[in-house]
Amino acid sequence: MRIDVVSLFPEFVAQMAGFGVVGRAVERGLVDIHGWNPRDHAEGTYRRVDDRPFGGGPGMVMLIDPLRDALHAARAADPRPVRTIYLSPQGVPLTQARAAALAAEERLLLLCGRYEGIDERLVAAEVDEELSIGDYVLSGGELAAAVVIDAVARLRPGVLNDGESALQDSFGDGLLDCPHYTRPPRHALGDVPEVLMSGHHGDIAAWRRLQSLARTQVRRPDLLAAASLTDDEHRALADPGDFPSPIPGA
Ligand code: 9D3
């Protein structure tokens, strides 16, 4: 898969893709990331990429032409069709399902804005899809692009090693993950739950499932509403056990 990134800080996005699971995918040749700077396509002594907004108001808006030329240069660098995605606070929120759909593409072109955003005429003419990564304010689209790259790359065939299965991930089954423990079994901070050391695989799977359900109920009731539970699981959750929330006030 090839991912092109149009950004005023393209090296920032490439650096974030240089380590961990995504870095390994790049090294294996499974994901190829290229940055394009609209400043390289800007004209004049000052190489302007932004200007004041029509209608007034604070901040600056990114100019059409440097972005458009950068997008066209990125598209022309490879003959395969490409899906163009604008990262913006006005986008549809990214989900695991959306990441999985994007992982089926052979090319993505990610457009990152700075300042107040980009001229809407460029969005209308060049963008296939507008994505947000959540309801909080970032300073630009670069961190969001890095999030998309990470979420998508790990779903490509051959990127995860055995044991890093994407299927077992939180959200793979629509629930939060269960708690995890490793050595030592006894520690000043507490003991590992006995069931995990029992060797009873059925009991362990049942305990993990109930932990996942209970956590999801406390922290993400919106996810639980969308999950399919058995009658027994509904009964187990109705029983007020002690699942302390680490979220202040929750
Ligand atoms: C505080 C500025 N806001 C004016 C009322 C609007 C605004 C413009 C540009 C807010 C953020 C940004 C920059 N953000 C992104 O480019 C962005 C983003 C985000 O801020 N949150 C979640 N997902 C994304 S994807 C791109």
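Starting from 1, each residue takes its place in the sequence as its number. Heavy atoms only: backbone and side chains are in, while hydrogens, waters and symmetry mates are out. Each ligand, and each atom within it, is numbered from 1 in the order the structure gives.
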Is the closest basic N to carboxylate O distance between [X] and [Y] below 4.0 Å?
X: Arg154; Y: Glu164; answer: no
X: Glu43; Y: Arg48; answer: no
X: Arg156; Y: Glu106; answer: yes
X: Arg83; Y: Glu126; answer: no

### Query
Can you check whether Gly202's main-chain N or O pairs, donor with acceptor, with His200's side chain at less than 3.5 Å?
no
### Message
Would you say Leu131 ends up clustered with Val147 if hydrophobic residues are merged whenever their side chains have heavy atoms under 4.5 Å apart, either directly or through other cluster members?
### Response
yes
Check ligand 1 for close polar pairs with the protein: N or O on both sides, less than 3.5 Å.
residue, atom, partner, partner atom, Å
ligand 1, 16 (O), Gly141, N, 3.3
ligand 1, 20 (O), Leu138, N, 2.8
ligand 1, 21 (N), Tyr136, O, 2.8
ligand 1, 23 (N), Ser132, OG, 3.4
ligand 1, 23 (N), Ile133, N, 3.1

